[in-house]
Every structure is written in structure tokens, then in C-alpha cells.
Amino acid sequence: GKLRQVYNELIYKLIGFLSINDRWDEQYRLILEADRGNLKATLFCTDPSSILNEFLQSAGPTVYFSATLQPDQYYQYFIGEWKYPFYEITSSYDSEHVCAIIYDQISTRYRHRKQNLMHITKSIEKVINKKSGNYMVFFPSYQFMNQVTDFLERLNPNYKNLKQKPGMSDAEKLYFLEDFRIKREEHILGSVITGGFFGEGINLPGDELIGVIIVGIAHPPITIENELIRRYFDDQGENGYAFAYQFPALNSILQSAGRLIRTDTDRGVILFIGDRFAHSEYLEILESFWSIELVSDTQELSDRIEMFWE
């Protein structure tokens with residue numbers, strides 16, 4: 001019955017806990033938390049590289065394929081492949097098919113968001129008003145997304161604005177994407193969360209998606225776990241902040257921007273909004289994928305988009 005099911009689940013959790021405990025070494029940390037009068041114990045792995053290497057060595061020769069194995073030092077660290085060849089193959093897609101722009105005159109940091117809502121909204125408008133079609137706008141949080149889209153809807157009531165909701169079912173996600181596949185003349189604007197479902201593994205080729213706009217950098221939140229990762233890698237002589245926050249954020253950015261070009265005939269615009277995209281630690285990675293242009297005002301942005309679509 002139900003009691004037996006609870007009992008079995010508890011046994012499986014205990015077995016899992018003990019199996020992790022058997023691997024305990026300097027890469028693990030014990031987190032103890034008070035939770036409604038109960039004590040919660042978590043065995044947290046800050047560095048899975050030794051576990052991954054153990055399995056990879058037992059598997060024999062391994063080839064890794066991904067369009068976003070960047071930054072390479074991040075992935076090479078975890079899979080232990082520093083001593084093996086690392087090949088980066090140039091994309092077969094025509095770079096002239098993408099207009100990739102950083103608008104670096106806006107701060108999207110939390111403390112500046114409210115005062116920059118109009119500026120952010122206007123920059124989104126400049127992109128989507130140059131060519132009717134389907135666009136996705138990626139935001140670092142639901143709160144920020146709602147602030148910008150509410151503002152955008154008041155200024156442009158004719159846009160069809162689809163918004164991602166927390167906890168969407170598989171059916172709701174499919175229904176959301178179906179709107180992009182229907183031929184129509186109006187603008188379709190999909191407002192979604194960076195690092196979420198719509199930033200990975202979706203395929204909208206051709207006119208189903210002609211523009212991606214990424215508003216700000218979605219760093220992982222400051223949590224006990226992420227701070228443990230940061231401290232661990234600092235102690236290892238690495239850049240702890242990069243491993244805990246910067247590299248995961250970069251991965252989400254690349255995945256989101258990668259929704260645009262899905263075939264060798266696709267064309268479209270990628271706009272990165274935020275001054276931090278122009279910082280060297282982000283710009284160098286972005287430039288390894290696209291020919292990036294920096295613009296300093298909305299008129300320059302508008303002119304560049306218009307020139308691309310001519």
C-alpha cells in the first residue's frame with residue numbers, strides 16, 4: 001500500500017546517500033539545513049571531474065559533439081581532456097546570414113532595470129519593427145520579463161506576445177511553439193526565460209524564427225551550493241566566480257542565441273542587450289561564434305538592422 005511505497009522510497013534515498021558517502025573526498029561538502037524543525041543533510045559535489053573521468057576511462061575512446069563546448073577550458077577541466085587533442089571546426093553556416101549586435105549602452109543589472117525599462121523596450125522595438133516575423137526575447141527572470149513585456153504591450157498593442165509561464169506542461173510548451181509555425185503577417189513575440197526549456201533543443205527553422213533578443217546576462221543565483229563551488233575552485237587556483245557563475249551564464253547565452261540558425265539557408269538577427277556583453281570575458285566567446293558589432297544608440301541599431309534586411 002501507500003505506507004510500503006513511502007518505505008521503499010526512503011530505502012532508495014538512503015542507499016543513494018550512502019553510495020555518495022562512500023565516494024566522499026575533498027570534492028564534496030556536507031550541507032546541513034534546518035527545515036521546519038527537521039535537519040536536512042545534503043552531500044554536495046563541487047567538482048564532478050573525477051567521477052566523470054572514472055566513467056569515461058571505463059568507456060574507452062570518447063568523442064564529444066556540441067555546438068556550445070565553450071569556453072573550452074571549462075569543459076576540458078571537467079572531462080579531463082587537457083592532454084588530448086581539442087578540435088574546433090568552423091561552422092558550415094554562412095556568417096553573412098546573421099546580424100549579431102551588442103547594444104552596450106544599457107545596464108540590465110537589477111538595480112538599474114526599472115529606470116531602463118523604456119530604453120530596453122525601445123531597443124526591442126527597433127529590431128522587430130524592421131521586419132515582420134517571429135522573434136524570441138530571452139530574459140534572466142520572470143519578474144524582469146513581465147516588467148518589459150507589460151511596457152511593450154502598452155506601447156504596441158498589435159503585437160502577439162506569448163509569455164512563458166512557470167511550470168508549463170509539455171502540452172502547453174508544444175502549443176506555445178505551434179504559434180511560431182503558423183504562417184501570418186503579424187509579429188509574434190515569444191518572451192521566455194534564459195536557461196529554460198525554450199533556450200535548448202527547440203527547432204524553429206526558416207521563417208519560424210527570424211530574430212533572437214537576449215536581455216541581460218542570466219547568472220545563476222547566489223546560493224549555498226554555488227558559493228561552495230566558487231570557494232572550491234578559488235582554493236584550486238582557478239577562477240571560482242567563473243566556474244560558479246560566469247561559465248554557466250555563458251552556456252545559457254550561447255544556447256539561447258543558437259535557437260536562431262537551424263539550417264544553412266536561415267537568416268536572422270541576434271541582439272544582445274546590456275553593457276556586460278561587451279566585457280572581454282563575454283565578448284571573446286561571442287566573437288568565436290559570430291561577427292559581433294557594437295552599437296551605441298537606438299538609431300545606429302535601427303540603421304544596422306535595416307541594412308541587414310535590405
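Count residues from 1 along the sequence.
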Once you round to the nearest 0.5 Å, how far does CZ of F44 lie from OH of Y232? 12.0 Å
Please determine whether side chain to side chain contact (heavy atoms under 4.5 Å, CB included) holds for the pair Y28 and D25, giving the CA-CA distance in whole Å, both sets of side-chain angles, and the decisive distance to 0.1 Å. CA-CA 6 Å; Y28 283 86; D25 58 20; 3.5 Å; yes
Do M145 and Y159 belong together in a cluster built from hydrophobic side chains that touch within less than 4.5 Å? yes
dist I285:CD1 -> W290:CH2 (nearest 0.5 Å) comes out at 10.5 Å
Rounded to the nearest 0.5 Å, what separates atom CZ in R181 from atom CG in L204? 5.5 Å
Note: E172-K165 ion pair, threshold 4.0 Å (strictly below): no
In Å and rounded to the nearest 0.5 Å, what is the CG to CD1 distance from L283 to I102? 5.0 Å
Sorted by chain and residue number, the salt bridge (charged side-chain N to carboxylate O under 4.0 Å, His left out) partners of E125 (sequence neighbours excluded) come out as K122
Could you walk me through whether R154 and D150 pass salt bridge (Lys or Arg N to Asp or Glu O under 4.0 Å), step by step? CA-CA 6 Å; R154 289 200 297 270; D150 288 350; 5.7 Å; no
So with a 6.0 Å cut-off around CD of E96, is the heavy-atom count from everything else above 12? no
Quiz item: cation-pi between K130 and W309, 6.0 Å / 45°: no
Surrounding CG of D275 (heavy atoms of other residues, nucleotides or ligands, distance under 6.0 Å), is the total greater than 12? yes
State whether a side-chain donor-acceptor pair under 3.5 Å links S50 with N53. no
Determine, stepwise, if the pair Y241 / D234 fulfils side chain to side chain contact (heavy atoms under 4.5 Å, CB included). CA-CA 8 Å; Y241 177 80; D234 279 341; over 6 Å; no
Joint cluster assignment, L209 & F272, ILVMFWY side-chain distance < 4.5 Å: yes
Common cluster, M136/I273, ILVMFWY with side-chain heavy-atom separation under 4.5 Å: no
Should D207 and K131 count as an ion pair when the cut-off is N to O under 4.0 Å? no
Just how far is it from atom CZ of R109 to atom CZ of R276, taken to the nearest 0.5 Å? 5.0 Å
For Y142 and Q164: C-alpha separation, side-chain torsions, deciding distance, then whether side chain to side chain contact (heavy atoms under 4.5 Å, CB included) applies. CA-CA 8 Å; Y142 284 102; Q164 181 180 352; 3.4 Å; yes
Decide, yes or no, whether a salt bridge links R231 with D235 under the criterion of side-chain N to carboxylate O below 4.0 Å. no
Looking only at atom types and distance, does a side-chain atom of R259 sit under 3.5 Å from a main-chain N or O of I202, one as donor and one as acceptor? yes
N/O donor-acceptor pair under 3.5 Å between T46 side chain and Q27 backbone: yes
Check residues 214-223 and write down every donor-acceptor pair under 3.5 Å in which the side-chain atom is one partner and the other belongs to a residue at least two apart or another chain.
{"from": "H219", "atom 1": "NE2", "to": "Y282", "atom 2": "OH", "distance (Å)": "2.6"}
{"from": "T223", "atom 1": "OG1", "to": "N226", "atom 2": "N", "distance (Å)": "3.1"}
{"from": "T223", "atom 1": "OG1", "to": "N226", "atom 2": "ND2", "distance (Å)": "3.4"}

Positive for ring-ring contact (aromatic ring centres under 6.0 Å, His included) with F233, one of Y77, F247, Y74: Y77
D266 (side chain) donor-acceptor with G206 (main chain) under 3.5 angstrom: yes
Tell me yes or no: between the side chains of N116 and S107, is some donor less than 3.5 Å from an acceptor? no
Between OG1 of T194 and CG of N251, what distance do you get to the nearest 0.5 Å? 12.0 Å
Indicate yes or no for a side-chain donor-acceptor contact from R111 to the backbone of T108 under 3.5 Å, with no hydrogens or angles considered. no
